[in-house]
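Here is the structure we will look at, set down as structure tokens.
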Amino acid sequence: MPAYRPEEIEKKWQAHWKAHNTFQAHNHSEKPKYYVLDMFPYPSGAGLHVGHPLGYIASDIVSRYKRLRGFNVLHPMGFDSFGLPAEQYAIQTGQHPALTTDQNIETYIKQLSSLGFSYDWSREIRTSDASYYKWTQWIFLKLFNSWYNLDTNKAEPLTDLTARFAERGSEGIRAAGDEGDRQVFTAGQWQLFTEHQKLAAVHSYRLAYQQDTYVNWCPGLGTVLSNDEVKDGLSERGGYPVERRLMPQWNLRITAYADRLLAGLDTLDWPDAVKEMQRNWIGKSIGAEVTFPVESSELRTENLEIKVYTTRVDTIYGATFLVLAPEHELVDKITTPGQRAAVDEYIAATKRRSERDRMADTKTVSGVFTGAYALNPVNQEPVQIWLADYVLAGYGTGAVMAVPSGDQRDYVFAQHFGLPIPAISDAQQGLDQQADPTKEGRYINSGIINGLTYKEATTKLIAYLEEKGLGRGKVNFRLRDSIFGRQRYWGEPIPIYYKDGTAYGIAESDLPLVLPEINEYKPTETGEPPLGRAQNWLYRNQYPYELSTMPGWAGSSWYYLRYMDPTNEARFVSEEAEQYWGTVDLYMGGAEHATGHLLYARFWYLFLKDLDLVSSNEPFQKLINQGMILGRSNFVYRLNVSLPITEIKIEGPELAKIYPATFFISKDKVIKYQAGDEAVTKEILVFVQNYIADFNNKELGVKIIDPHGTSISDLHVDVMLVENDVLDINAFRKSRHDYRLAEFITEDDGRYLCGWEIEKMSKSKLNVVNPDVLISKYGADALRLYEMFLGPLEQYKPWNTNGISGVSGFLKKLWRLFHPEDGDLAVTDEPATPAELKVLHRAIQKVQEDIERFSFNTSVSLFMITVNELTALKCHKRAILEPLVLLLSPYAPHLAEELWQELGHEPGSISTAGYPEFREEYLVEDNVTYPLAINGKVREQMQFAATATASEIETAVLASDFLARFGEGKSAKKVIVVPGRMVNVVV
RNA sequence: GCCCGGAUGGCGGAACCGGUAGACGCGUUGGUCUCAAACACCAAUAUCGCAAGAUGUGCCGGUUCGACUCCGGCUCCGGGUACCA
């Protein structure tokens, strides 16, 4: 083989790995296991751009490194193949989403394979395969048939619950969820319940339950969305507006796990940012629930109460009014006739406001008085009851006690509506313009807590309220139960059927419930989900199925378990496989899944743990977020000059042929022009005038008249037409029909310079760089190395295609170490010199350290330095090059395999050949030069043996004559020796 | 607003425990090879300065013999999140 030809080498080894199942992992092994997982992709139609493989490359390096280190590595890949884009495409074209999805997956597999990843493709899974979603449905049924026992603090089968009902009734059962929804009954009553009544009583205990819920309804997509699928009031996919709506929905009781999800974070080796995001998302707050009785009047006979939630019960003496959410259930009952009209108007106005408006507008104060009063339970003072949309129905009790002296929002509200603002702490003298939310000072005007501090007051008040039955300490979470249904086609059918309006789970033996074929993918005319179109789709030929499907995150919440045992038809994963592989050792993926997928997956895992189906507490031990690779967009600058032409005799295509040009001005000229440079302004003017004169001289039957307009706009230009910011003018003219006659005002050297900007990579910005093009030009090894070389893995960083020539050159240099004349292998068996051994062993040590702390970019640099040094040493020795190939093999596996074979090893054996042995003695052989400094100023360098101790060096320095030369005759006060670094002398 | 990151040449970045700031690569400039181009190779490349030298890691201050690194106070940029009571 002559010169280095990556394309041949890479094809050869990819075929070899495939044919020999080189990376197949076995569920039984003497070796220790290591599980490296990538977040599996949704196979989008656009294919991969250079940003996508970043994390895959990094995890592949770790996988290959761990194999060298003697681990049995599980490194699988699959596809999260249910999802909206394929369905939207189906609605537009009628093409079945399964077809689109399969085509996209083929493209993905082809692209991933061309990068040389060491996936065990025999374990590939697709969430849209019935053999997979059978088990997603199975887990759903487990949730449906479980409740959360607060006494044991775990999920338990519903059969345990119904057995207790039969024995003791509902008495004494503490279950996660809203007690208000649950009936109270005795064992005797339970026995007399009909089946229907029993199911109704049990329903509100289920971990998967149906309930009227305020949801994020997205009319544009025709479905509900979960909180993490909504960004700034718009849908994450598609960017359609989202509104609040009350609808019956399937929910998963993730809130039962809030505390455990929070506590588990402390045990995880995850980025702090992700842990913090999950903590905020769960949003634990410790406070109290306090009951305010509504003041009775002749109009009302009922004794109504309003429960509020507060984290500052100590401020209760300053509570001068209550505020309810407009959706609060008591609003109707307490509103006085006099205020009825105003209240109705306010509620209507709130409903009209979209979620987005409500969020955008947090400055204006709005609210309405209900006319009703409640009594402050600690001092019996009447307090007004108001409505305002700043109080959220979904959090706490949907009602707050307003303390204007302690909370800024309450302060503003009180001031706006002229409500009293009494001080309750001696730290609050002169509440001028703002509230005092601090917990400093001692309480005043505060009955039983006067003179106390924050801590004393809180303890005393909670005890007082609990004793009087007016309140209790309570922990609240921001986390809401997750809405589990989507009114879409392309998802897992929810395995529920209805008998007399009651929901039943289908029998496990009837799984999978296969997605039926339908003729159109839109909602039905009656507004039902697309599954309403399915013909004769009935459970056991008589009962209608649930028509919504599962959300996108269902299949991804447990896929990592399925990889352990992907073809098992009897169980979601066999016990042996689950126990052997345990949990994921390294999980690589984007930070955008912090509060979605990563939280749901942890929730499902804890649930499975409660049912003894898995054996740990957390599924992902270490998480790394790879940063996004950003695109470098290029811009051209169009001169907006209108060139109207005279009345014409030609039309249509003929006219199009001669239509006047668009003018593009090179970047530096634009800058000068905008800065008012007269020479450039004149140049542009003359250029346009000459063009017009030229055009009019051509006697085309039309003439340009009266040009006007001089603004400049910047337009994205395809980065493939630009090199080093210089536009390929001819290619640009050809790229778009309307630019074929374009004129260019270039720099004086004739080049057209483009502007640039760093943006997200996207088709619309024309800045997408396709990996296939780079692989065919430089090879997958070069692309892998270069992506790692770009910068720290976790950082966002811009792509720059030019840089790849550097790593490409490195691979060529490496090749030449083996083939100095680019001919056959010319490696010698001479013994290595100390200098060569030093270069090698530094690399062995550094690469190992780098991989273990995920610092791949510095490793690539080191490879380059190493090869440069060995080239300078003219080292072509097996003793050096063979270990070097091993070191490099995780990064550039194809070339490494090739060289490994050329060195006489069994083809394909490099992946388990073992990591080279590091010997420190080679690194410390030389003498070490210490910079010598007096009072911090570096004056000279001194040589010592690397083995010299600090005190030996100190003695030598004091004995030397340097003080006479540099110390201006002074004597040394102190000699500080930093081993290997610096000798510092204080005079 | 709150929480979490970050700021180093023309560019991406390196500097691990406080010890010669700018490794490595790109780009640029000059050179060798070539009829020429490409490839390759050699040299220079933080800033100012002919040089000696001086100044330099967002800003102000502190600790230290010595600070990109630690501490206090800012500025700007990025990400997350929000009338959460």
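So that the names make sense, note that chain A is the first sequence line, chain B the second, and so on, each numbered from 1.
Nucleotide rC24(B) holds its P atom 13 Å from the NZ atom of K846(A), rounded to whole Å. Here the P atom of nucleotide rC83(B) and the OH atom of Y309(A) are 17 Å apart, to the nearest Å. Atom CD in Q795(A) sits about 14 Å away from atom P in rG79(B), given to the nearest Å. At whole-Å resolution of the value, CG in L862(A) and P in rC16(B) are 15 Å apart. One can place NE2 of H416(A) at 20 Å from P of rC83(B), the figure rounded to the nearest angstrom. As rounded to whole Å, 18 Å separates atom P of rC24(B) from atom CG of L814(A). Atoms CE (M277(A)) and P (rA82(B)) sit 12 Å apart, rounded to a whole Å. The CG atom of D389(A) sits 13 Å away from the P atom of rC84(B) (whole-angstrom rounding).
Under a 4.0 Å N-O distance rule, the pair E869(A)/R842(A) qualifies as a salt bridge.
Taking every side-chain heavy atom of R409(A) into account, rA85(B) is the closest of rA85(B), rA23(B), rA40(B). Distances from the side chain of K797(A) to the nucleotides rG80(B), rA85(B), rG13(B) place rG13(B) closest. Distance from the side chain of Y390(A) is smallest for rC83(B) among the nucleotides rC83(B), rC4(B), rA85(B). Of the candidate nucleotides rA40(B), rA85(B), rC3(B), rA40(B) has the atom nearest to the side chain of K812(A).
Comparing the P positions of rG78(B) and rC41(B) gives an interatomic distance of 40 Å, to the nearest angstrom. Atom P of rG18(B) sits at a distance of 10 Å from the matching atom of rC71(B), rounded to the whole Å. Comparing the same atom, P, in rA15(B) and in rA54(B) gives a spacing of 29 Å after rounding to whole Å. Here, rA52(B) and rC76(B) have their P atoms 41 Å apart, quoted to the whole Å. When the C1' atom is compared between rC68(B) and rA23(B), the two are found 15 Å apart, to the nearest whole Å. A distance of about 12 Å separates the P atoms of rU69(B) and rC16(B), rounded to the whole Å. Comparing rU29(B) with rU81(B), their C1' atoms are spaced 50 Å from each other, to the whole Å.
Smallest separation of non-hydrogen atoms from F863(A) and L887(A): CZ-O, 3.5 Å. Between V391(A) and V400(A), the shortest heavy-atom distance links the atoms CG2-CG2, 3.8 Å.
If you check rC68(B) for Watson-Crick or wobble pairing at under 3.5 angstrom, you find it has no partner at all. Nucleotide rU75(B) forms a Watson-Crick or G-U wobble pair with rA7(B), both donor-acceptor distances falling under 3.5 Å. Pairing of rU47(B), defined by two Watson-Crick or G-U wobble distances under 3.5 Å, is identified with rA54(B). For rC24(B), the paired base is rG12(B) (Watson-Crick or G-U wobble, both distances below 3.5 Å). Using Watson-Crick or G-U wobble geometry with both donor-acceptor distances under 3.5 Å, rC41(B) finds its partner in rG31(B). The partner of rG1(B), taking Watson-Crick or G-U wobble pairs whose two distances both stay under 3.5 Å, is rU81(B).
In this structure, R816(A) does not reach the rC39(B) phosphate: none of its side-chain N or O atoms is under 4.0 Å from OP1 or OP2. Distances shorter than 4.0 Å separate none of the side-chain N or O atoms of R478(A) from OP1 or OP2 on rA85(B). A close approach under 4.0 Å does occur between a side-chain nitrogen or oxygen of Y395(A) and OP1 or OP2 of rA85(B).
Against the 90° criterion about 0, the sugar-base torsion of rG9(B) places it in the syn range. Using a 90° window around 0 for the glycosidic torsion, rC17(B) falls inside it and is classed as syn.
Ring pair Y778(A)/Y786(A): centre-to-centre distance not below 6.0 Å.
Every salt bridge (Lys or Arg N to Asp or Glu O under 4.0 Å) that R279(A) has, sequence neighbours left out, goes to D266(A), E276(A).
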Worked verdict on S808(A) versus S805(A) for side-chain hydrogen bond (donor to acceptor under 3.5 Å, both in side chains): CA-CA 5 Å; S808(A) 173; S805(A) 63; over 6 Å; no
F321(A)/F417(A) under ring pair (Phe, Tyr, Trp, His ring centres under 6.0 Å): CA gap, chis, key distance, verdict: CA-CA 11 Å; F321(A) 56 102; F417(A) 291 108; 8.7 Å; no
Pair E305(A)-T291(A), side-chain hydrogen bond (donor to acceptor under 3.5 Å, both in side chains): steps then yes or no: CA-CA 6 Å; E305(A) 293 175 344; T291(A) 305; 4.8 Å; no
Verdict with reasoning, S285(A) to Y395(A), per side-chain hydrogen bond (donor to acceptor under 3.5 Å, both in side chains): CA-CA 11 Å; S285(A) 66; Y395(A) 183 77; 3.0 Å; yes
Quick one: which protein N/O atoms are closer than 3.5 Å to N/O atoms of nucleotides 25-32 of chain B? Pair and distance per line, please.
{"from": "rG25(B)", "atom 1": "OP1", "to": "N868(A)", "atom 2": "ND2", "distance (Å)": "3.3"}

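Other residues, nucleotides and ligands contribute only 12 or fewer heavy atoms inside 6.0 Å of the NZ atom of K307(A).
Within the nucleic acid shown, R632(A) has no heavy atom closer than 4.0 Å to any nucleic acid atom. The residue N857(A) sits close only to the backbone: its heavy atoms come under 4.0 Å of sugar-phosphate atoms, none of a base.
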